[in-house]
Structures are given as structure tokens and as C-alpha cells.
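These notes are about the structure you will find just below.
Order of the sequence lines sets the chain letters (A, B, ...), proteins ahead of strands, with each chain counted from 1. When reading the values below, keep in mind they use all heavy atoms of this one structure, side chains included, and skip hydrogens, waters and symmetry mates.
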Number of protein chains: 2
Amino acid sequence: MTTQIKNSTKTELAVEFGRSMNELRTHTRQQIQLKIKEHGINITFEMLEVMGCLWRKDGINQQEIANLTLRDKSGMTYLLDNLVKRKLVKRVEDANDRRNKMIYLTKDGHELREQLNPWVAEVYEMASEGVDVHNLQNGMLLLSEMINNLKKG
Amino acid sequence: MTTQIKNSTKTELAVEFGRSMNELRTHTRQQIQLKIKEHGINITFEMLEVMGCLWRKDGINQQEIANLTLRDKSGMTYLLDNLVKRKLVKRVEDANDRRNKMIYLTKDGHELREQLNPWVAEVYEMASEGVDVHNLQNGMLLLSEMINNLKKG
DNA sequence: TCAAATTAGTTTGGTATTTAACTATCAAGT
DNA sequence: ACTTGATAGTTAAATACCAAACTAATTTGA
């Protein structure tokens, strides 16, 4: 009986936790889109996530980007079409494995990094202002634990 | 100099934290959609979030639901159209304030709750299995702190 | 009392996401 | 070599999301 009550409370807490995560993501997204807009750049939050992958490592295929950004590969086709239109990346067929299309940053794509990175960092700095690093690390552990729980099931 | 390094590390940690949050949400969503599919119910995760609001409190207007689910009100029009089509809710014009359209659960909408709630709870129980309640509570505090930081800015 | 500001909801246009079916290419094992 | 299976990418259809412009109803305040 006691454990039932405890379990239900914990479950409700987990639901609330999910809600708060969503709220934090929404606010982060809004702040970043605000920065993007303030500087008159024609790019979305989602595209920025893709660019972030390429700024870390240029020249990866679409599937890899889909894995890194937790998206379906079919969505990548569309998202990359839009990035190609904006001349921020280019598709190059891989000669070694012709199934792959390697994505490379263009000159504009490289330049955008210098322009955007400071503003994006600002948002995350704002979010974590006054937060103890250890709390953040514990939070990461908590998330990993829960992610692993769901991966098992 | 030292604080700069520390700050940049913390910022990167915050970015990683954001990534992990996204990953957890993706997995949670997938697990719940799996349950929905297993039981052959014609509803999406997003619709379920709306239904969750109504199960807590029946008879609220669209704007209120939009606030609770952290969505734009324009998206609510569309989402509720789909829920009305599925006969899970109904729109009722508010006589007191004719701008409002109050949303009420139908009989089917009420019944769905009994059917779905146990499965949804299962997913969150799975996610929080073996997790210390105090860690979860600390996680909530961390999220609230970060959300408030962004709200200020 | 009446103009101005506010609020709820809709529409539109552009973007994003997922599932499923499909093509093309490569890899492994017989 | 050939079949089988896996992998990368595309397409189509349905759903979802957000911003901006719009309508209709209400509230405010001089």
C-alpha cells in the first residue's frame, strides 16, 4: 500500500518533470529564435541544430546528422534541402559509397558560425546563470538514467 | 581567465543538458506512441497532451489549453479540429463571453482516460525506475531555476 | 459613451516531423 | 556470382508548429 502511494507520487513527479523539460526547451528555443530575428538571419532553430553538428565536424552524411539531432532521416532530406537553398551547406555524393551524400559547409555556412555562436552561447549562459555546476552534472546523470531506462523497454 | 574557462565549460554543459532533455523527450514520446499503437487507438502524442489537460479540468477555453501545453493558440485550432473529428471533445460557445470557445470532453473522451491512463503511467514508471525521488526533485528545482532565468531575459 | 487597447479564435504561408513505401547501393555468406 | 539482408536517401501523405495578419467580442479609460 505504502509503496503504491509512493510509486504513484514518483510517477506524477516524473510526469511533471517531463512537462518542465518541455517548458525549458520552449523558452530556450524562443530566446534563440529571438536572437536570430534580432540579427535578421533567415534560419530556423532546427536548421541551427543541423549547423551545430557540421560546425563540430564538417563532412558527414545525412543519416549521421539525423542520429545526432534525434530526427528521422526523411526529415533530414527536407531540412537539408532548405539549408542548400539558403546556400549554407552543399551535398556531395560519396565516391567510396554512392549511397551516402556527404554534407559540407559552404563559405557562408562557415561564416555564420562566427556570427551566431556568441549569441547562442549567451542564451545558454543566461539559462544556467547562478546554477551550480554540480547540480547541472547531477541533472545530466538523472537524464542519462531515465534515457537508459526507456531504451531498455 | 579561470572564470572564463569555467563559464565556457558550464555553458557547454548546459548545451549538452539541452540535448539530453530532447533525447529523453523523444524516447518518452516514442514509448507512449508505441503503447497507443499497440492498443490500436487513433490519437497522437500531441492530442494526448491536450486530453491530459481536459482530464484534469474539463471545460476550459482554447487559449487556456494552449498555455498549459505550451503551444501557440493558432496550433490549437487545428489540433482541436482533429479531436472534434475523432469525437473526443466538443466546442461550446461561451454565453458569458462570446469570444471564448469552451472545450468539453465527450463520453468517448471520458472513457479514453480510463483506457489510456494506466499505459501512460507505465511509461513514466519505466522512465523513473530505480531513480531516487530526491534526485527527481532536485532535477525539478534545476529546471525551474533555468526556466526562470530565461523568463527574465 | 465612445475610441483605443486587449483578448479569443481563425486563416494563411512557410517550415518541421513521422510513417510507410520506394529506389539504389553495398555487404555477407553460400 | 547470386541471393539475401542491410543501409542511405527520397517521396508522399498526414500531422504539427509558429508567426503574422485578420475578425469579432470585450474591456478600459478619458
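Protein atom CG of Leu34(B) is 15 Å distant from nucleotide atom P of dT18(C), rounded to whole Å. Distance, Gln63(B) CD to dA24(D) C1': 15 Å, rounded to whole Å. Between Leu48(A) atom CG and dT15(C) atom P there is a gap of 16 Å when expressed in whole angstrom units. Straight-line distance from the CD atom of Gln62(B) to the C1' atom of dA8(C): 8 Å, rounded to whole Å. In this structure, the CG atom of Asn42(A) is 18 Å from the P atom of dG13(C), given to the nearest Å.
For dA16(C), the base has no donor-acceptor partner in the side chain of Thr44(A) [N/O atoms by modelled type, under 3.5 angstrom]. Taking 3.5 Å as the limit, the base of dT7(D) and the side chain of Arg99(A) contain a donor-acceptor pair of atoms between them. No hydrogens or angles were tested; on distance alone, nothing pairs the side chain of Lys101(A) with the base of dG9(D) as donor and acceptor under 3.5 Å. Residue-to-nucleotide contacts include no donor-acceptor pair under 3.5 Å from the side chain of Thr77(A) to the base of dT11(D).
You'll find that the side chain of Ser74(A) is closest to dA20(C), out of dT10(C), dA16(C), dA20(C). Listed candidates were dC26(C), dA16(C), dA8(D). Nearest to the side chain of Asp97(A) is dC26(C).
Nucleic acid contact for Met76(B): none, since no nucleic acid atom lies under 4.0 Å from a heavy atom of the residue. Within the nucleic acid shown, Arg25(A) has no heavy atom closer than 4.0 Å to any nucleic acid atom. Base engagement by Asp72(A) is indicated by at least one non-hydrogen atom pair under 4.0 Å involving a base atom.
Comment: Glu49(B) does not engage Arg29(B) in a salt bridge, judged by the lack of any side-chain N to carboxylate O separation of less than 4.0 angstrom. The existence of a salt bridge linking Arg91(B) and Asp81(B) is confirmed by a sub-4.0 Å separation between a basic side-chain nitrogen and an acidic carboxylate oxygen.
Between dG9(D) and Arg71(A), no contact under 4.0 Å exists linking OP1 or OP2 to a side-chain N or O. Under 4.0 angstrom from either OP1 or OP2 of dA20(C) there lies at least one side-chain N or O belonging to Lys37(B). Taking only side-chain nitrogens and oxygens, Asn100(A) never comes nearer than 4.0 Å to OP1 or OP2 of dT7(D).
Between Arg98(A) and Arg29(A), it is Arg29(A) whose nearest contact on DNA chain C lies nearer the 5' terminus. Between Lys73(A) and Met102(B), the residue whose closest nucleotide on DNA chain C is further toward the 5' end is Met102(B).
With a 6.0 Å radius and a threshold of 12 heavy atoms from other residues, nucleotides or ligands, His134(A) has its NE2 atom at or below the threshold.
Gln31(B) contributes atom CD, which lies 11.5 Å from atom OH of Tyr124(B) (distance to the nearest 0.5 angstrom).
Counting only N and O atoms by type, the side chains of Asn149(A) and Glu145(A) include no donor and acceptor under 3.5 Å apart.
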